[in-house]
Protein chains: 2
Amino acid sequence: MSVTLADVAARAGVSAATVSRVLNGNYPVAGATRHRVLRAVEELEYVVNGPASALAAATSDLVGVLVNDIADPFFGIMAGAVQSEIGPPAQTGGGARPVPLKLAIVCNTGGSSERELTYLTLLQRQRAAAVVLTGGAVEDSSHTAALATRLRRLEAAGSRVVLCGRPPLAAGEEGPHPLTVTFDNRGGARRLTEHLLSLGHRRLGYLAGPANRTTTRHRLEGHRVAMAAAGLADDAERLTVHGAYDRASGYDGALELLRREPGLTAILAANDTVALGVCAALRDQGLSIPGDVSVTGFDDLPFAVDAMPALTTVRLPLTEAGARAGRLALGREDAPPGGVATFRGDLMVRDSTAPPRTSGGA
Amino acid sequence: MSVTLADVAARAGVSAATVSRVLNGNYPVAGATRHRVLRAVEELEYVVNGPASALAAATSDLVGVLVNDIADPFFGIMAGAVQSEIGPPAQTGGGARPVPLKLAIVCNTGGSSERELTYLTLLQRQRAAAVVLTGGAVEDSSHTAALATRLRRLEAAGSRVVLCGRPPLAAGEEGPHPLTVTFDNRGGARRLTEHLLSLGHRRLGYLAGPANRTTTRHRLEGHRVAMAAAGLADDAERLTVHGAYDRASGYDGALELLRREPGLTAILAANDTVALGVCAALRDQGLSIPGDVSVTGFDDLPFAVDAMPALTTVRLPLTEAGARAGRLALGREDAPPGGVATFRGDLMVRDSTAPPRTSGGA
DNA sequence: CTGTTAGCGCCTTCAT
DNA sequence: ATGAAGGCGCTAACAG
């Protein structure tokens with residue numbers, strides 16, 4: 001049906017083996033021969049059959065990237081960064097291709113642990129060269145175990161596994177744990193809370209993400225550490241509301257927080273998107289930001305600086321992390337010490353936070 | 001090295017063919033036999049070798065999705081929608097899998113026509129079941145021709161090609177043109193301009209995208225049609241600045257427009273992201289929105305409603321379009337009449353537009 | 001309903 | 001430097 005290696009070989013008057021060698025460039029071939037082969041390839045418009053070569057060589061040029069939701073810039077940015085490291089170079093690619101280009105298979109798990117496992121199996125079936133898991137992990141012992149098993153199998157099957165933006169796997173019994181690129185969510189949340197505290201706030205509400213996620217837990221822990229240090233442990237407990245990582249949760253959560261504590265002067269949102277919802281709710285309540293209530297986000301997605309008002313948040317180096325993960329996935333960079341690279345998040349103080357209004361008025 | 005079909009067959013005491021039939025479920029197999037096979041699969045932790053079956057069956061479960069930049073929500077949303085149609089169902093997937101799950105290979109072209117061609121070849125090499133090209137096309141006759149050739153080859157090789165968010169291919173000589181899902185960019189831009197005109201604006205500046213893109217051209221054309229109808233054709237010409245589809249271009253472009261026409265009362269941006277840049281520039285100039293200058297975006301990305309102030313823009317049904325493209329790619333939906341489905345964009349009037357300030361003051 | 005027999009298209013020793 | 005030959009793991013006719 002379509003053109004094969006054999007056709008090219010015939011046209012060039014050489015053996016299939018020679019054509020293969022020319023195409024893969026991993027073996028000496030006479031200049032003249034190579035030229036004839038290349039010409040035949042052109043003339044026949046030959047395109048290698050990926051599956052066939054993957055089967056024969058037992059290698060693949062596919063890299064899986066698991067994300068919660070590719071429509072969310074948080075994941076889009078990381079996925080894009082991974083991709084930029086494994087795909088064709090950004091600069092006008094010259095002739096030589098030092099590293100064979102890999103293609104990224106992006107899998108939307110939608111935060112479902114079930115689908116995460118399904119995709120992992122699907123990727124193993126493709127014999128993916130590597131798999132990058134981004135985003136926070138679901139904390140559920142049975143899922144954690146199932147996940148660890150799948151990852152072990154993937155590695156056993158020859159795929160490199162890299163975690164990006166999620167904590168390292170709990171130390172299992174055996175084998176090398178997957179390389180990990182992670183964020184210091186705890187520290188970021190702590191610094192954010194300390195910033196608010198130092199501004200004079202004492203009534204702070206926290207809008208956490210879904211309860212069983214590592215990211216959620218770490219950020220919440222960071223917040224509580226700072227609150228406890230200020231002697232506000234009880235309030236931290238009372239003024240925490242869980243929701244999803246979306247705008248609607250921010251809106252609803254802010255109202256709930258206000259209900260619990262009308263005297264609130266600051267709200268820390270689980271992330272920037274949630275913070276946007278908080279701002280909307282506050283505005284709808286006729287409250288000004290940061291006049292009446294200060295608001296903070298997390299992640300520093302591109303839109304954070306253009307929000308109303310510009311969001312005080314923690315900047316996570318998503319691009320660097322994704323790129324790093326991509327390089328680790330291809331084995332193009334040495335593993336960090338301990339197999340874990342941690343990126344810290346920088347506090348970005350902008351217009352959505354200010355000292356609480358003094359009760360006196362001015 | 002790893003477990004194969006033969007191993008499973010041996011363990012279950014049947015032939016490899018039977019195992020294959022059980023796994024693919026496309027052929028009658030006795031209940032008892034099927035059960036033994038499935039058990040063997042479990043015990044051996046067998047996972048099909050994708051490349052091998054792709055080779056033997058001459059089919060693949062990979063679908064390519066070309067995007068300019070997956071970190072941009074505009075593309076992220078479409079890619080996610082495509083993916084949701086070809087991958088595992090969002091609902092808790094039951095046991096039976098009516099349609100075999102496909103995996104999405106996301107390719108970032110970065111707007112480079114060269115990389116677009118490279119990826120198309122790479123996808124042909126994977127024998128992708130389908131390829132979805134999103135985003136505006138580069139308008140360059142040599143590239144258009146090269147692209148048409150690549151697409152023809154892909155289709156000849158059995159891949160279904162679907163264009164999503166870009167105009168249908170110019171009618172070539174032969175063969176069926178790729179199915180297309182497109183947006184009415186012209187109409188959207190026209191309505192946006194008419195909205196501003198009806199508000200009383202007469203000095204409008206237009207910040208266009210990169211010059212050689214179909215999306216850019218169509219939006220610009222829609223704008224000019226409306227301007228011409230209002231007898232402002234010359235101004236439309238004079239007050240158009242081209243830039244990239246990013247925030248920085250919006251910032252710089254707004255300043256340039258102000259330089260050309262200090263009396264400007266409205267700026268139409270190529271898209272929402274550009275509009276954010278425009279707003280930032282205006283604020284930095286001490287101008288209020290919409291008091292001094294009205295601003296409009298395009299696309300209605302999620303952040304548009306939370307911008308400062310909420311952006312008047314045109315809503316593009318990105319999710320519907322992507323989903324439709326995904327279904328067309330799998331042949332799960334009949335082709336629209338003429339092979340082209342056009343989605344119109346709805347005008348979303350929000351707070352960033354208002355009548356121009358009357359010269360008198362109030 | 002199940003086993004047998006050929007390949008699918010390519011890579012890779014082993015010779016030459 | 002090049003050719004010949006076997007096999008990668010699976011599917012798809014054919015028989016039975």
Side-chain angles (χ1 to χ4, degrees), chain A residues 1-38 40-41 44-62 100 121-122 124-129 157-158, chain B residues 1-38 40-41 44-62 100 121-122 124-129 157-158:
Chain A
M1 176 145 147
S2 85
V3 185
T4 75
L5 240 206
D7 297 330
V8 176
R11 188 106 157 77
V14 298
S15 75
T18 300
V19 177
S20 168
R21 297 198 261 249
V22 169
L23 262 26
N24 295 310
N26 50 11
Y27 212 83
V29 173
T33 312
R34 126 187 259 86
H35 220 74
R36 266 186 305 143
V37 170
L38 258 18
V41 167
L44 265 28
E45 298 181 353
Y46 172 69
V47 175
V48 181
N49 182 317
S53 62
L55 171 58
T59 63
S60 131
D61 33 355
L62 299 175
T121 301
L122 251 23
Q124 181 177 346
R125 172 195 187 120
Q126 293 299 328
R127 301 299 190 258
Chain B
M1 172 149 153
S2 86
V3 185
T4 74
L5 240 206
D7 298 329
V8 176
R11 189 106 155 79
V14 297
S15 74
T18 298
V19 177
S20 168
R21 295 197 265 250
V22 169
L23 262 26
N24 295 309
N26 49 11
Y27 213 84
V29 173
T33 313
R34 124 187 260 87
H35 220 75
R36 265 186 304 143
V37 170
L38 258 17
V41 167
L44 265 30
E45 298 182 353
Y46 171 69
V47 176
V48 182
N49 181 316
S53 65
L55 172 58
T59 63
S60 133
D61 33 359
L62 299 176
T121 301
L122 250 24
Q124 181 177 347
R125 173 194 185 121
Q126 293 298 327
R127 300 299 188 256

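As the structure is a prediction and not an experimental result, all values here were calculated from the model.
At whole-Å resolution of the value, CG in A:Asn24 and C1' in C:dC10 are 9 Å apart. Atom CG in B:Asn49 sits roughly 13 Å away from atom C1' in C:dC8 (whole-Å rounding). For the pair A:Tyr27 OH and D:dT2 P, the computed distance is 11 Å after rounding to whole Å. Nucleotide C:dG9 holds its P atom 14 Å from the CG atom of A:Leu44, rounded to whole Å. Atom CG of B:Leu55 is separated from atom P of C:dA6 by 18 Å (rounded to the nearest Å). In this structure, A:Leu5 atom CG and D:dG3 atom C1' are separated by 14 Å, rounded to whole Å. Look at NE2 on B:His35: it is 18 Å from C1' on C:dC1, rounded to the nearest Å. Residue B:Arg36 contributes atom CZ, which lies 12 Å from atom C1' of C:dC1 at whole-angstrom precision.
OP1 or OP2 of D:dA1 has not a single side-chain nitrogen or oxygen of A:Thr18 nearer than 4.0 Å. At C:dC1, none of the side-chain N or O atoms of B:Thr33 fall inside 4.0 Å of OP1 or OP2 (strictly under the cut-off). Contact between the side-chain N/O atoms of A:Thr4 and the OP1/OP2 oxygens of C:dG9 is not found at any separation under 4.0 Å. Of the side-chain N and O atoms in A:Ser15, one or more sit less than 4.0 angstrom from OP1 or OP2 of D:dG3. Phosphate contact (OP1/OP2 of D:dT11, side-chain N/O of B:Ser20, threshold under 4.0 Å): present.
Judged by distance alone, the side chain of B:Arg36 and the main-chain N or O of B:Ala12 form a donor-acceptor pair under 3.5 Å.
Considering A:Val29, A:Val14, A:Thr33 as possible partners of A:Arg21, the one that fulfils the side-chain contact (heavy atoms from CB on, under 4.5 Å) test is A:Val29.
Across all strands, A:Ala17 comes closer than 4.0 Å to base atoms (heavy-atom distances). At the heavy-atom level, B:Val14 lies under 4.0 Å from the strands shown only through sugar-phosphate atoms.
Heavy-atom nearest nucleotides on DNA chain C were determined for B:Arg34 and for A:Ala16, and the one closer to the 5' end corresponds to B:Arg34.
Shortest non-hydrogen contact noted between B:Leu5 and B:Ala16 is CD1-O, 3.7 Å. B:Ala54 and A:Pro51 make their closest contact through CB-CB, 3.8 Å (heavy atoms, listed as atom of the first residue, atom of the second, distance).
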(message) As a quick check of understanding, evaluate side-chain hydrogen bond (donor to acceptor under 3.5 Å, both in side chains) for B:Asn24 and B:Ser20, giving each step before the final call.
(response) CA-CA 6 Å; B:Asn24 295 309; B:Ser20 168; 3.3 Å; yes
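Considering only side-chain atoms of A:Arg21, the nucleotide from C:dT4, D:dT2, D:dG9 that sits closest is D:dT2. For B:Ala57, the listed nucleotide lying nearest its side chain is D:dA12; candidates were D:dA12, D:dG3, D:dT2. Across C:dT2, D:dT11, C:dG9, the shortest atom-to-atom separation from the side chain of B:Ala30 is found for C:dT2.
Side chain B:Arg127 to base C:dG9: no donor-acceptor pair is found below 3.5 Å.
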